[in-house]
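Only a predicted model underlies this, so the values are computations on that prediction, with no experimental measurement involved. Note: hydrogens, waters and symmetry copies are ignored here, and every other heavy atom, side chains too, is used. So that the names make sense, note that chain A is the first sequence line, chain B the second, and so on, each numbered from 1.
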Number of protein chains: 2
Amino acid sequence: VLRAQNLSKTLKVGEVKVEALRNVSLTIERGEFVGIVGPSGSGKSTLLGLIGGLDTPTTGTIEIDGVDITRLSERKLTRIRNEKIGFIFQAFNLIPTLTALENVALPVQFAAKRQFNPHKRAKELLDMFGLGDRIHHRPTQLSGGQQQRVAIARALANNPAIIVGDEPTGNLDSESSSVVMEALRNVRDTFNTTVILVTHDPGIAEQMERLITLVDGRITDEDARTAT
Amino acid sequence: VLRAQNLSKTLKVGEVKVEALRNVSLTIERGEFVGIVGPSGSGKSTLLGLIGGLDTPTTGTIEIDGVDITRLSERKLTRIRNEKIGFIFQAFNLIPTLTALENVALPVQFAAKRQFNPHKRAKELLDMFGLGDRIHHRPTQLSGGQQQRVAIARALANNPAIIVGDEPTGNLDSESSSVVMEALRNVRDTFNTTVILVTHDPGIAEQMERLITLVDGRITDEDARTAT
Ligand SMILES: Nc1ncnc2c1ncn2[C@@H]1O[C@H](COP(=O)(O)OP(=O)(O)OP(=O)(O)O)[C@@H](O)[C@H]1O
Ligand SMILES: Nc1ncnc2c1ncn2[C@@H]1O[C@H](COP(=O)(O)OP(=O)(O)OP(=O)(O)O)[C@@H](O)[C@H]1O
Ligand SMILES: [Mg+2]
Ligand SMILES: [Mg+2]
């Protein structure tokens, strides 16, 4: 479902060049449950931003279901982002003026073909993550882990084909983490959703079926393994 | 060094009241290495905000070195916050228009009695955390874990008597986490700094010498134990 070839991303800080990603290639099939691990600063968020269609590479291509998203019009790309990809940001990126319910309902309201009643769908997801009594809170009225769970619910809202999560359990206790991982396994088993998670947590990494390791912007290790 | 008595914090969302903290009392001595644990939403960040002088309780008192900080003028409180307390925010709260170096130097520049050369002190701390080649990057030009380390360096900058950290390793890989914990143990052993950390990471919790557990805004468990 996802094929990245020779991805490089170079950023500039004043005169200095930072090579955040160097010649990264990978292929992920439909329904895979993949972890991306590596040291802080190794390029994981940069890679996720590219495969999630939120950023463009300096060189290289990214195909989602055979379509090269680096060549699409902004309008077509926006539609793929809304319908095919659910993205969980490392810093959550919730809309501060909207409540938890409105934040999760938003992508459902924007969907070209309506699958769900937006507020009903949002309430169900927030209930699943234990936030039923927080649905009218705005992000600043939520704890860090509550904001993270709202961001996760939002990514699941349109039942997208691909879930991309950037350290989705970083602010969660073990109980909340289990609920999140359970939900992700569930959508994968039910809908064959592809799940790609960046994590620093060994406990999460060992639940993934395949691990890709990034160091200094390169893939250094790919180990296909079966989670126990 | 720190005594909280009967702290309660009630927040309002429209007509609904949320009791984030309910009658919390605790005493922490100079040089203690304390962990605060508990489920997401249990009141940990709220408690830290109160003991760090960043927020005021609905009822109750907080004494730092015998001074009730809930009764101080803003000017006196600001000075205590700058000189006595180093605070690491769950969401980092770096100044987006300043570089890493400037962010870390800032509290040193504001100190009433100058202990260090601000930029030299900032560079040393950033080097210690592996960010020597990122000192001129602004927060948006840093990875999540790099921003977190800048926030930690900033908290250490004035060599404060009390370090208060809200999930300081949540975005860090195990290597960077070890460097951070090493640095915190170091200042405690060298200067008898009091270190209070909120964490969801059992690996960090087991390194603390005492654990306080919060559930639903109350302390449910206090276990003084020696870290192995
Ligand atoms: N806008 C930018 N300009 C310059 N350099 C950047 C920018 N964004 C990121 N970088 C650098 O690119 C590298 C990769 O960043 P990235 O955010 O992808 O790391 P990461 O693996 O997600 O790290 P973490 O685990 O800490 O979140 C880092 O060294 C970072 O300093
Ligand atoms: N400004 C606010 N208005 C209303 N309720 C709030 C506000 N800030 C926090 N809360 C609520 O107070 C409770 C405690 O929040 P707090 O941020 O202290 O939790 P926490 O223990 O730090 O959680 P986490 O581990 O997820 O960071 C939460 O249930 C949260 O929804
Ligand atoms: Mg990252
Ligand atoms: Mg918190």
To the nearest 0.5 Å, tell me how far B:Lys44 NZ sits from A:Asp173 CG. 7.0 Å

In terms of heavy-atom proximity below 4.5 Å to chain A, should B:Gln141 be classed as side chain, backbone, both, or neither? side chain

I'd like to verify something: which residue of B:Gly38, B:Gly41, B:Ser42 has the highest number of heavy-atom pairs under 4.5 Å with chain A? B:Gly41

Looking at B:Gln109, I'd like to know if its CD atom is crowded, meaning that more than 12 non-hydrogen atoms belonging to other residues, nucleotides or ligands lie closer than 6.0 Å. yes

Between A:Glu167 and B:Asn171, is any pair of side-chain heavy atoms under 4.5 Å apart? yes

Would you say B:Thr169 and A:His200 make side-chain contact, with heavy atoms under 4.5 Å? no

Quick check on the interface: out of A:Gly14, A:Pro39, A:Pro202, A:Ser176, who has the most heavy-atom pairs with chain B under 4.5 Å? A:Pro39

Is it the case that atom CZ in B:Arg138 sees more than 12 heavy atoms from other parts of the structure closer than 6.0 Å? no

The side chain to side chain contact (heavy atoms under 4.5 Å, CB included) partner of B:His137 among A:Leu11, A:Val13, A:Val16 is A:Val13

Take atom CZ in B:Arg81; do more than 12 heavy atoms of anything else shown fall under 6.0 Å from it? yes

Assess whether atom CZ of A:Arg3 is packed by more than 12 heavy atoms of other residues, nucleotides or ligands within 6.0 Å. no

Once you round to the nearest 0.5 Å, how far does CD of A:Glu15 lie from NE2 of B:His136? 13.0 Å

Structural part of A:Arg134 lying under 4.5 Å from a heavy atom of chain B: side chain

Exceeds 12 heavy-atom contacts within 6.0 angstrom, atom CZ of A:Arg22: yes

Where does B:Ser45 contact chain A at under 4.5 Å (heavy atoms): side chain, backbone, both or neither? neither

Is the shortest heavy-atom distance from the side chain of A:Arg149 to the side chain of B:Ser40 under 4.5 Å? yes

